[in-house]
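Below is one structure; the comments refer to it alone.
Every heavy atom of this structure was used, including side-chain atoms; hydrogens, water molecules and symmetry mates were not.
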Amino acid sequence: QVLLVESGGGSVQSGGSLRLSCAASGSPGSRYCMGWFRQAPGEEREAVAAIAIPGDGSTSYADSVKGRFTMSKDNAKTTVYLQMNSLKPEDTATYYCGAKKRPFGSDSYYCLQSTPDYWGQGTQVTVSS
């Protein structure tokens with residue numbers, strides 16, 4: 001069983017920053033993906049950023065957040081983060097952490113395109129103009 005707990009959401013003005021955290025207990029396997037996803041009201045859930053674990057730390061991002069969001073991981077704590085800078089009103093959404101097993105040879109791009117097997121409860125991010 002994998003438990004994912006997000007934290008760090010909140011309300012900011014346009015141009016501001018937030019840092020989300022996702023603490024994982026348990027592991028989907030020896031090789032797995034962790035990713036950030038978001039869902040705005042009336043919209044489908046979309047992938048934001050992903051990382052392959054274990055790996056070289058490389059990450060993949062949705063085009064809409066490239067250059068503004070940075071995903072990272074803390075190996076010691078099995079925690080991943082999403083640093084969100086230059087936030088825009090269109091970034092307003094519930095942000096979810098997800099995890100899933102990944103096959104040998106897969107990378108962060110595979111993780112970005114894949115649907116997680118495990119989800120956190122979500123944390124709200126609201127950006128006002």
Item to check | Test log, rule side-chain contact (heavy atoms from CB on, under 4.5 Å), inputs Val125 and Leu20 | outcome: CA-CA 9 Å; Val125 171; Leu20 305 183; 4.1 Å; yes
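Shown here for Arg68 and Ser86, the closest heavy-atom pair between the two residues is NH1-O, 3.0 Å. Between Ser14 and Pro89 the shortest heavy-atom distance is OG-CD, 3.8 Å. The minimum heavy-atom distance linking Ala50 with Leu112 is given by the pair CB-N, 3.5 Å. For the residue pair Gly8 and Leu18, the shortest heavy atom distance occurs at O-CD2, 4.0 Å. Contact between Ser108 and Ala52 at its shortest, heavy atoms only, is N-CB, 3.9 Å. In this structure, Ile51 and Val80 approach most closely via the heavy-atom pair CG2-CG1, 4.5 Å.
Going from atom OG of Ser106 over to atom CZ of Arg31 covers 7.0 Å, rounded to the nearest 0.5 Å. Atom-to-atom distance recorded for Met71:CE and Cys97:SG is 6.5 Å, nearest 0.5 angstrom. Between Phe104 atom CZ and Ser30 atom OG the span is 10.5 Å, to the nearest 0.5 Å. Considering CD of Gln121 and OG1 of Thr123, their distance stands at 7.0 Å, rounded to 0.5 Å. Distance check: Tyr95 OH to Met84 CE gives 5.5 Å after rounding to the nearest 0.5 Å. With values rounded to the nearest 0.5 angstrom, Ser58 atom OG is found 14.0 Å from Tyr109 atom OH.
Looking at heavy atoms from C-beta onward, Val48 lies in side-chain contact with Leu82 at the 4.5 angstrom threshold. Using a 4.5 Å heavy-atom cutoff, the side chains of Lys73 and Ile53 are in contact. When side chains are defined from C-beta on, Pro116 counts as touching Phe37, because their heavy atoms get closer than 4.5 Å.
Checking Thr79 against Asp74 by side-chain atom types alone, no donor-acceptor pair falls below 3.5 Å. For the residue pair Thr94 and Gln124, a side-chain donor N or O sits within less than 3.5 Å of a side-chain acceptor on the partner. Of the N and O atoms on the side chains of Thr59 and Tyr61, at least one donor lies less than 3.5 Å from an acceptor on the other residue.
Geometrically, Arg45 engages Tyr96 in a cation-pi contact, judged by NZ or CZ lying under 6.0 Å from the ring centre and within 45° of the ring axis.
A salt bridge is absent between Lys88 and Asp91: the closest approach of a Lys/Arg side-chain nitrogen to an acidic carboxylate oxygen does not fall below 4.0 angstrom. No salt bridge links Arg102 with Asp107; every basic N to acidic carboxylate O contact stays at or beyond 4.0 Å.
The one candidate from Glu6, Glu44, Glu46 that meets the salt bridge (charged side-chain N to carboxylate O under 4.0 Å, His left out) condition with Arg38 is Glu46.
A chain of hydrophobic side-chain contacts below 4.5 Å, direct or via other Ile, Leu, Val, Met, Phe, Trp or Tyr residues, connects Met34 to Tyr118.
The six-membered or imidazole ring of Phe69 lies away from that of Trp36, with a centre-to-centre distance of 6.0 Å or more.
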